[in-house]
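As a basis for the values below, the full set of heavy atoms in this structure was taken, side chains included, without hydrogen atoms, waters or symmetry mates. What you see is a predicted model, and the numbers here were worked out from it, not measured in a lab.
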Amino acid sequence: MEPAPAPGNSETSRLVSPRERGGLAGGLRLKSLFTEPSQPLPEEPRPVEMAFQHCHRDPLPQPGLTPERLQARRQLYAACAVCFVFMAGEVVGGYLAHSLAIMTDAAHLLADVGSMMGSLFSLWLSTRPATRTMTFGWHRSETLGALASVVSLWMVTGILLYLAFIRLLHSDYHIEGGAMLLTASIAVCANLLMAFVLHQAGPPHSHGSRGAEYAPLEEGPGDPLPLGNTSVRAAFVHVLGDLLQSLGVLAASILIYFKPQYKVADPISTFLFSICALGSTAPTLRDVLRILMEGTPRSVGFEPVRDTLLSVPGVRATHELHLWALTLTYHVASAHLAIDSTADPEAVLAEASSRLYSRFGFSSCTLQVEQYRPEMAQCLRCREPPQA
C-alpha cells in the first residue's frame, strides 16, 4: 500500500529514485538556460577598496622625462652648444698664441663637451621603463654618466700636466702675449656663461621631497632634501673648475703680455689650476662611489629610520633594514617589522610606510610584517649592522 501524499503537497513530493532525481535536476538546469529566474541571481563579489594606504604611494609615472630632467636636458643642451663654440675658439687662439695653458683650457672644454653629451645620453636612457631584467629601470645610468665625466676629466688633466712638466724642463717655446690675453678673456666669459646656464638654484621640484638645488644636508624630519640632477651637477662642477683655470690663465696672460720674460707662468698656471680642477671633482666622485657601493644616502641616517619604524604602534623589533639610493634623488628602503600578536598587520604596514615617505622622502619602500618571536633576539641575521 503506497503512502498518501502529505496535505498541501503536489504529486512531485512523492518518493523518487536517485535516477529520477538526477533527471529532474538536469531538467531544471536545462530549463533555467531558457527561462529567466523569478528572483535575481546574486551578483559577483566586487573588489572593495582597502581601508588603509595601498603599497604604491605615487601614481604610475608618466612616460618620458620628469620636469626636473627636462630642465636638466635643456641646461645641458645650452651649455654643450656654448662649450663647443668657445672650445673651437680656444683651440684656434691657443695655437696662434703658442700657449699650453690656453690649450689646456680648450682640452678641459673638450672633456666637458664629451661629458655633457654622455649625460644627455644617460638622461635619454633613464626614461626607458623597467623590465624583468632591469627591474629598477635605468635610473642609475645618470650616475654612470657622471662617473665617466669625472674619469675623462682626470685623464685629460693628467696628459696636460705631463706636457706642462716637459715645458718646465725645456724652455724652447714662445708665447704670443696679445693672442693669449684675448683668448683667455673670452674663455672667462664663456665659463661664466656656462656656469649661469648650469646653475640649479631654481624653484624646488616636488617629486618626493627633493628640491632642485644640489646641497646635501643632514636633514631633520620633514625638511626638504635640496638635491639636483647628478649629470647637471657634474657638468656644473666641471665648469667651475674650468672657470678657476681660465682666471689663472687670464692672470698669466696679463703677466706675459707685459713681461714676456716670465713665460714660465704658462706651464705653472697649468699645474696649479689643473690640480684645482681635479680637486673640484672629489665631491662628485665621492657621491657616485657611495651610490654604486649601495651606501646609505647622505641625507638619511640609519638610526632615525630605525627609530621611526620602532615608534609605530604594535612594532616590537625591526631587522633586515637596508637603505640605498639609485641616484642622488631616488632613495629606497626595505625592512622586516616584527609586531605583536594583537597588532593589525595592515594598519602597521600603512602607518610605517606613511612615516617613511613623509619624514624621509623615500621613493620606494618595501616592508615585510611578521609576528614577533623571542628567539629573534638571538638571531645573527636579525642583529643591527655595526658602525662603519
Problem - By side chain to side chain donor-acceptor pair (under 3.5 Å) - contacts of S334 (at least two apart) - result: none
Exercise for the section: Report yes or no: does S353 contribute a side-chain atom to a donor-acceptor pair with the main-chain N or O of A350 at less than 3.5 Å? Expected result: no
Handout entry: By salt bridge (Lys or Arg N to Asp or Glu O under 4.0 Å) - contacts of R383 (at least two apart)
Key = none
Handout entry: With sequence neighbours excluded, residues passing salt bridge (Lys or Arg N to Asp or Glu O under 4.0 Å) with R167
Key = D266
Practice task
With sequence neighbours left out, write down each residue that passes side chain to side chain donor-acceptor pair (under 3.5 Å) with Q261, or none if nothing qualifies.
Solution key: none
Handout entry: For L96, the rest of its hydrophobic cluster, which grows through side-chain links under 4.5 angstrom
Key = V92, Y95
Exercise for the section: Not counting sequence neighbours, which residues clear side chain to side chain donor-acceptor pair (under 3.5 Å) with E303? List them please. Expected result: Q387
Handout entry: Neighbour count >12 (heavy atoms, 6.0 Å) for atom CZ, F84
Key = no
Handout entry: A325 backbone acceptor or donor facing R140 side chain under 3.5 Å
Key = yes
Problem - Linked hydrophobic residues, Y262 as query - side chain contacts closer than 4.5 Å - result: L255
Fill in the blank from the handout: For L380, the hydrophobic cluster (side chain heavy atoms closer than 4.5 Å, chained through members) also holds none
Exercise for the section: List in chain and number order the residues that pass side chain to side chain donor-acceptor pair (under 3.5 Å) with H98, two or more places apart in sequence or in another chain; answer none if no residue qualifies. Expected result: none
Exercise for the section: Can you see which heavy atom on G178 is nearest to which on Y257, and at what distance? Expected result: N-CD1, 3.6 Å
Handout entry: S354 (side chain) donor-acceptor with E351 (main chain) under 3.5 angstrom
Key = no
Practice task
Please identify each residue that fulfils side chain to side chain contact (heavy atoms under 4.5 Å, CB included) with V348, with sequence neighbours left out.
Solution key: V312, V315, L337, I339, A343
Fill in the blank from the handout: With sequence neighbours left out, the residues meeting salt bridge (Lys or Arg N to Asp or Glu O under 4.0 Å) with E370 are none
Problem - With sequence neighbours excluded, residues passing salt bridge (Lys or Arg N to Asp or Glu O under 4.0 Å) with D340 - result: R316
